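Everything below concerns the one structure shown next.
Sequence lines set the chain letters: A, B, ... in the order given, protein chains first and strands last, and positions in each chain run from 1. Owing to the predicted nature of the structure, the values given are computational and were not obtained by experimental measurement.
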Amino acid sequence: MTAPEQTAAPNFIRRIIEDDLRAGTHGGRVHTRFPPEPNGYLHIGHAKSICLNFGLAADFGGLCNLRFDDTNPETEDVEYVESIQNDVRWLGFDWQERLFFASDYFERLHDYAVELIRRGKAYVDSLNAEEIRTLRGSLTEPGKESPHRNRSVEENLDLFARMRAGEFPDGAHVLRARIDMAAPNVNLRDPVIYRIRRATHHRTGDKWCIYPMYDFTHGLSDAIEHITHSICTLEFEDHRPLYDWFLDNLTTPSRPRQYEFARLNLDYTVLSKRRLIALVEGGHVTGWDDPRMPTLAGIRRRGYTPEAIRDFCERIGVTKNDTCIDFAVLENSVREHLGHVAPRVMAVLDPVKVVIENYPAGQLEQLPAANHPQRPELGSRAVPFAREIFIEREDFMEDPPKGFHRLVPGREVRLRYAYFIKCIGVVKDPASGAITELRCAYDPATRGGDAPDGRKVKGTLHWVAAPAALDAEVRLYDRLFRVPDPDAAGGDWLGHLNPESAKVFTGCKLEPALRAAAAGSRYQFERLGYFCADAADSRPGAPVFNRTATLKDSWAKTGGR
RNA sequence: UGGGGUGUGGCCAAGUUGGUUAAGGCACGGGAUUUUGAUUCCCGCAUUCCCAGGUUCGAAUCCUGGCACCCCAGCCA
C-alpha cells in the first residue's frame, strides 16, 4: 500500500470510522472497496474516491478491495476493466489479491433473489417498462400496485426460474422487490431487481440472460466481501434505505453500512461519463488519453504525477457540500511536486536566432548547468554554447513597455549559465518587417553568468546553441473549456470548448541532452513550465513534449505580455 | 409541507459535548532574497459563520421560522 499521507485531514467519514473502532462496531475491522463500473475510463473524480477508500483502509490498518460493478453487459467492456486497473495501480494503490467482480456473485445473487421470493418480498411483474413507469406515480403522487404484485410464491418461483432459463424474450418480465408503492422515496416503490437482457457479458459470456440491478447487487456484494464502510457519492443517499432493506430482509454474512460524500467538480472541465464520451466520440479530443482530458489516462499523458493527484485529493477534503474546486488547486499540486523532482533544462519554443558577433566562429564550449539549483545533489550537466544561439522571440522587444527587463536594443541581459550579452543590432525581413535575427556582443569575463566587476543585469534568458540544438515538437495545452462551468454557461456545453486548448509548436530548439529523454520523463523547461515526453508519440532520439503546466508568471499577470 | 441532502472569506475547508482574538490550503495584495519575472521567505486577507428571531453571563455551535442551492420518478450505475 502506498500513499499513506501522514497528515490525514479530519473529515466526517474518518470520524465515523474512529467511532466505530472505538465502539467495536465491525469487530474492529475497516474494509472498504472501490467499485467502478467498467463502462468508461477513470477520471480525476474517481481519483478522489480511490484515494478516500484506499487511504482510509491504509490509515486504519484495514483493507480495500477493487470490485467491478459489472451488472450491465450492454455498456461494459474488458477494455475498461483493464484501463481501470492500470489507472488505480498508477495512482499508487494495491488491492493485492482482492480483485472482485459483481459478476462473480451472480449465482449467489440469484439465490438471494429466490430467498426474497420465498419470503414474499419479491415478485415477478409482467408489465412493460412503460406501464411500470406509469404506475410508479410521480414525485408528489404515490404509485399504484401492479396487478401482478400478489402472485403466489410458487408462481413467482416458477416464473423467475423460467426467466433464468431463457423462456421469455427481453423485457417480458422483471423481478421486483415488494416494498411500498406509496413510499415517499420513489426508490422504495417496488424497485426492479432483475431484468431479462440477452447480452454477452464480458466475463460470464452467455451464461446468463437475466442480470441483477445495481441496488440489489451492491449492498449484497459488500456483505459478501465483508465490507464495513461502503462509501459512495451523494446521489446514492436516496438509495440507502433500499441498500438497508435488502440487508435487513436477507440473511447475509455481514452487515456493511453505506456513507455518502460529495463528488468532485472541477473548474473549466466536465466530469460526467456522458460528457467525456461525447468529447471522445465527437472527435473534440484525440481519445480518452488526450492530454486535455480529465481522465487519469489523459492526466498521466499530460505529465501529472500520481503524487500530485494524491496531494490534490488530500487538499480538497471530503464533505457533503456540493462544491467546485478551483483549477488552480490542481495546478498547484503538480507544480509543487514537479518543482521538487523535475530536472531543469533549457528549451526555446518560439526561436529567434542571435548571432554573437565577437564570439569565435566555429567554437563550441561546454558550460556547466545545475540540474536543480535548489537540490545540488541532483548534479549538473554540460550545455553547449556557440556563436549562434536561439532565444525566445518574446524575450526581445524593440520598443518595450516599462517593467520589461529582457533583451532590448542596447541593453545587457544574462544568458543563463553562460554570458552577459548586449543587443547591438536587429535584422529584419525587408518585406514583412519581421525580426529574423538579433546581433549581440558578449562579455567573455562573465562566463558562467556573473560579472567580475559586480555589475547587475535585470534579466536572465534561457537559450539553446544553434549548432547543437535538437529540433522537436512541443505541445502547449491549456484548459479544455473557456468558461468555468460549461453546463451552466448557456447554450450547448460543447460550444464553450477552448479553441486554443492545444497548440502544437514545431521547430522548437531544445538543448541536446533532451535527445535521450525517455518517453514519459518530466522536466522543467526553465522559465516556461513543466513538460513531459509524450508516451505515445516520442521516438528514440526524437521526443515530443507535452506541457503539463506553466510556471507561475507574475510578469504575465501584470499584463506584461 | 413529495422525499433526501447542503449552506463558514473569491474557491475549498477545520471547527460538532455552546466559552479566549473563527485553523489550514488555493487564489489574491504587499515586501525580502534570487543566474528561472520560478522557488523560498516574511506580512496582509471573515468583529463574522445563508437570513430573521429566540435561549444563555456567553452560540458558527442549542431552539423556532424563513430563504437559497443540489439530488430522486432507468428494465443505468
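- For A:R197 against B:C75, a side-chain N or O and a base N or O form a donor-acceptor pair under 3.5 Å.
- Ring-centre distance between A:F312 and A:Y304: not below the 6.0 Å cut-off.
- Note: NE2 (A:H46) to P (B:A77) measures 14 Å, nearest angstrom.
- Residues passing the salt bridge (charged side-chain N to carboxylate O under 4.0 Å, His left out) test with A:R149 are A:E145, A:D190, sequence neighbours excluded.
- When heavy atoms are screened at a 4.0 angstrom cut-off, A:M346 is found touching no nucleic acid atom at all.
- Summarising the geometry, atom CG belonging to A:D450 is positioned 6.5 Å from atom CZ belonging to A:R414; distances are rounded to the nearest 0.5 Å.
- When the ring-ring contact (aromatic ring centres under 6.0 Å, His included) test is applied to A:H337, no partner is found at least two apart in sequence or on another chain.
- Using a 4.0 Å heavy-atom criterion, one finds that A:D125 contacts no nucleic acid atom at all.
- Here A:G403 lies in heavy-atom contact (under 4.0 Å) with a base.
- Residue A:T140 is the one, among A:T140 and A:E37, whose nearest nucleotide of RNA chain B lies closer to the 5' end (criterion: closest heavy atom).
- For A:R22 and B:U17, the CZ to P distance is 13 Å, given to the nearest whole Å.
- Every side-chain contact (heavy atoms from CB on, under 4.5 Å) that A:T75 has, sequence neighbours left out, goes to A:E37, A:N39, A:N72.
- No donor-acceptor contact under 3.5 Å links the side chain of A:Q374 to the base of B:U40.
- A:S230 and A:R33 share a side-chain donor-acceptor pair at under 3.5 Å.
- Considering only residues two or more places apart in sequence or on other chains, A:E141 meets the salt bridge (charged side-chain N to carboxylate O under 4.0 Å, His left out) condition with none of them.
- Between A:F246 and A:Y112, a ring centre-to-centre spacing not shorter than 6.0 Å is recorded.
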Detail all sub-3.5 Å separations between protein N/O atoms and N/O atoms belonging to nucleotides 59-62 of chain B.
none

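- The residue A:L175 sits apart from the nucleic acid: no heavy atom pair falls under 4.0 Å.
- Within 4.0 Å (heavy atoms only), A:D450 reaches at least one base atom of the nucleic acid.
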Criterion side-chain contact (heavy atoms from CB on, under 4.5 Å) on A:W463 and A:V383, from CA distance to verdict: CA-CA 10 Å; A:W463 53 274; A:V383 181; 3.7 Å; yes

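- Between B:A13 and A:T319, a contact under 4.0 Å exists linking OP1 or OP2 to a side-chain N or O.
- Within residues 264-276 of chain A, no residue approaches RNA chain B, by heavy-atom distance under 4.0 Å.
- Annotated as anti: B:G37, whose O4'-C1'-N torsion sits more than 90° from 0.
- Distance A:Y530 OH to B:U36 P: 13 Å, rounded to the nearest Å.
- OP1 or OP2 of B:A77 sits under 4.0 Å from a side-chain N or O of A:R195.
- Residue-level contact check: A:T217 touches neither bases nor backbone, having no heavy atom under 4.0 Å from any strand.
- A:R479 forms a cation-pi arrangement with A:Y268, by the criterion of a distance under 6.0 Å to the ring centre and an angle within 45° of the ring axis.
- Residues that satisfy the salt bridge (charged side-chain N to carboxylate O under 4.0 Å, His left out) test with A:D125, not counting sequence neighbours, are A:R176.
- Looking at A:R406, its side chain comes within 3.5 Å of the base of B:G37 through a donor and an acceptor atom.
- Across all strands, A:G339 comes closer than 4.0 Å to no nucleic acid atom at all (heavy-atom distances).
- A:V174 comes within 4.0 angstrom of a nucleotide base, judged by non-hydrogen atoms across all strands.
- By the criterion of a centre-to-centre distance under 5.5 Å and near-parallel planes under 30°, the ring of A:W555 forms a stack with the base of B:G37.
- Counting any heavy atom pair closer than 4.0 Å across all strands shown, A:L461 reaches no nucleic acid atom.
- Atom pair A:R263:CZ and B:U6:P shows a separation of 17 Å (rounding to whole Å applied).
- For B:A13, one of the phosphate oxygens OP1 or OP2 lies less than 4.0 angstrom from a side-chain nitrogen or oxygen of A:N321.
- Side-chain polar atoms of A:H462 and A:R416 form no donor-acceptor pair below 3.5 angstrom.
- Nearer to the 5' terminus of RNA chain B, by closest-nucleotide assignment, is the contact made by A:R240 (compared with the other of A:R240 and A:P10).
- Between A:R136 and the phosphate of B:G74, there is a side-chain N or O to OP1/OP2 separation shorter than 4.0 Å.
- Rounding to whole angstrom units, CG of residue A:L42 and P of B:A77 are separated by 18 Å.
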Distances for protein N or O near nucleotides 26-31 of chain B N or O, under 3.5 Å:
{"residue": "B:C28", "atom": "OP1", "partner": "A:K557", "partner atom": "NZ", "Å": "3.4"}

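- Applying the ring-ring contact (aromatic ring centres under 6.0 Å, His included) rule to A:Y259 yields the partners A:H229; only residues at least two apart in sequence or on another chain are considered.
- When heavy atoms are screened at a 4.0 angstrom cut-off, A:H405 is found touching base atoms of the nucleic acid.
- Here the rule is ring pair (Phe, Tyr, Trp, His ring centres under 6.0 Å) with A:F236, and of A:F261, A:Y214, A:Y243 only A:Y214 fits it.
- Taking a pair as Watson-Crick or G-U wobble with both distances under 3.5 Å, the runs of three or more consecutive pairs in RNA chain B are B:2-7 with B:67-72, B:10-12 with B:24-26, B:28-32 with B:40-44, B:50-54 with B:62-66.
- Note on A:I316: only backbone sugar-phosphate atoms sit closer than 4.0 angstrom, heavy atoms only; bases stay farther off.
- B:A77 atom P lies 13 Å from atom CZ of A:F216, rounded to whole Å.
- The interatomic distance linking A:H239 (NE2) with B:C76 (C1') rounds to 10 Å, in whole Å.
- Between A:S554 and B:A38, a side-chain N or O to OP1/OP2 separation shorter than 4.0 Å is present.
- Taking the six-membered ring for Trp, A:F68 and A:F101 have ring centres closer than 6.0 Å.
- A:E18 meets the salt bridge (charged side-chain N to carboxylate O under 4.0 Å, His left out) test with no other residue; sequence neighbours excluded.
- For A:Y442 and A:F420, the ring centers are positioned 6.0 Å apart or more.
- Counting any heavy atom pair closer than 4.0 Å across all strands shown, A:Q524 reaches a base atom.
- Partner of A:E412 under the salt bridge (Lys or Arg N to Asp or Glu O under 4.0 Å) criterion, chosen from A:K422, A:R406, A:R455: A:R455.
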Could you write out each protein N or O paired with an N or O of nucleotides 69-71 of chain B at a distance under 3.5 Å?
none

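- Distance, A:E260 CD to B:C72 P: 14 Å, rounded to whole Å.
- Cation-pi contact between A:R275 and A:W493: present, with separation from the ring centre below 6.0 Å and deviation from the ring axis of at most 45°.
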